[in-house]
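So the structure is just underneath, and the comments pick up after that.
All ligand and atom numbering here is 1-based and tracks the order in the structure.
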Amino acid sequence: MKTPYYLIDKSRLQANMEKIAWLREASGAKSLLALKCFATWSVFDFMAQYMDGSTSSSLYEVKLGYEKFGGETHAYSVAYDDDEIAEVLANSDKIIFNSIGQLDRFDVASAGHTRGLRVNPGVSTSEFDLADPARPFSRLGEHDPAQIAAVADRITGLMFHNNCENDDFDRFADMLTLIEDRFGDTIHRMDWISLGGGIHFTGEGYPLDRLAARLKTLSDTYGVQVYLEPGEAAITGAATLETTVLDTLHNGKNLAIVDSSIEAHMLDLLIYREPAKVAPNTGDHDWMICGKSCLAGDIFGEFKFDAPLKPGDRISFQDAAGYTMVKKNWFNGVKMPGIAIRELDGTITSVRSFDYEDFKSALS
Ligand SMILES: *Cc1c(COP(=O)(O)O)cnc(C)c1O
């Protein structure tokens, strides 16, 4: 197959899925895939064997989840418009409003539907202001316990999303206790609560058994069905971005240009200023791997190799499933990576490729 392409490895995906299924068994908490992180629907049938459904951030995501993932479909959006609401309701089991304003606006339209409200607990684990739902002046959810209690008889659930790649169980547990202290009275009146995403519970060494016990206690204390909305945790480590070296230069450092672009194909690394990952990243030869767009800072990172790089060499960037394919773009007209799947038996199938017509049809 011609590079560039994202390669989803089902056996790596399965390892995450088995942890998710174990957690449900041990805790009763259901997991819904957050499509904003990963919406590559060719593997939804596979993931749906282990997860309970999907959750969304928009009309288009909720439709995709309903159509392709199945199971339970949660609808959430920071704000819905009048011309979206009927379709959102038709494609979801639950709708979670971001504000009391939206609950009021769509009160009549959504009267027969299972409804919830997003609550902003005012604390988070995000290191990045950009991604911190509890940042000052945040628009993400209602924060005042009294105002939330006042609408509690119109909803049956609450959604909290305040973790961000949090791999520290104790920190998660402490924040959950804060949530209980502040909103416990209202949680008692609910049938379900969602704790959102951002909990890195599929990571190496995460104390899954302690998480399961904590979630079970939460569910028993309040008599609620608990939901998790893993995005990154569901697909972490499950794909690579496969690229080929096109050229090399030397300007104080060894430079290799690949047939991809961090800005176009792994945008979050640029936004959060993190390097890509190359394995094993050992050897005596240091190289800076650069993208082929004309953005000066289009750099994947600096890595070690066993031998000098040359045109034609393959570079695989690890951990390329989350927030990559959903954010890829046509900047510089760089060829968009295709999507391929490595099946459990090792065979690789190409499921999507993009060409000039796709580039042209994305604009007019
Ligand atoms: C982003 C988001 C998720 C998924 O977050 P991850 O960090 O990818 O697990 C889940 N729920 C909500 C409401 C979100 O905004």
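Close approach of ligand 1 to E229 is summarised as follows: ligand atoms under 4.0 Å from at least one heavy atom of the residue are 3 (C), 4 (C), 10 (C), 11 (N), 12 (C), 13 (C). Within ligand 1, counting atoms from 1 as listed, the ones closer than 4.0 Å to a heavy atom of E232 are 6 (P), 8 (O), 9 (O). Interface atoms of ligand 1 facing M159, defined by a heavy-atom separation under 4.0 Å, are 13 (C). Taking a cut-off of under 4.0 Å to the non-hydrogen atoms of Y323, the atoms of ligand 1 that pass are 1 (C), 4 (C), 5 (O), 6 (P), 7 (O), 8 (O). Set against the non-hydrogen atoms of A34, the atoms of ligand 1 under 4.0 Å away are 3 (C), 4 (C), 10 (C).
Scanning all heavy atoms of the two residues, the minimum distance from V245 to A256 falls at CG1-CB, 4.2 Å.
Note: Y222 and H188 meet the aromatic proximity criterion, with ring centroids under 6.0 Å apart. Between H74 and Y227, a ring centre-to-centre spacing shorter than 6.0 Å is recorded.
No part of E165 comes within 4.0 Å of ligand 1, judged by heavy-atom distances.
Atom 14 (C) of ligand 1 has as its closest protein heavy atom K36 NZ, 2.8 Å.
Seen from the ring of W287, K253 does not count as a face-on cation partner, given the 6.0 Å and 45° thresholds.
Here the shortest heavy-atom distance to atom 9 (O) of ligand 1, taken over G322, A234, G198, belongs to G198.
Note on ring orientation: taking the six-membered ring where Trp is involved, the planes of H265 and Y6 are perpendicular (angle over 60°, cut-offs 30° and 60°).
Shown are K30, R24, K94; of these, the salt bridge (charged side-chain N to carboxylate O under 4.0 Å, His left out) with D52 is made only by R24.
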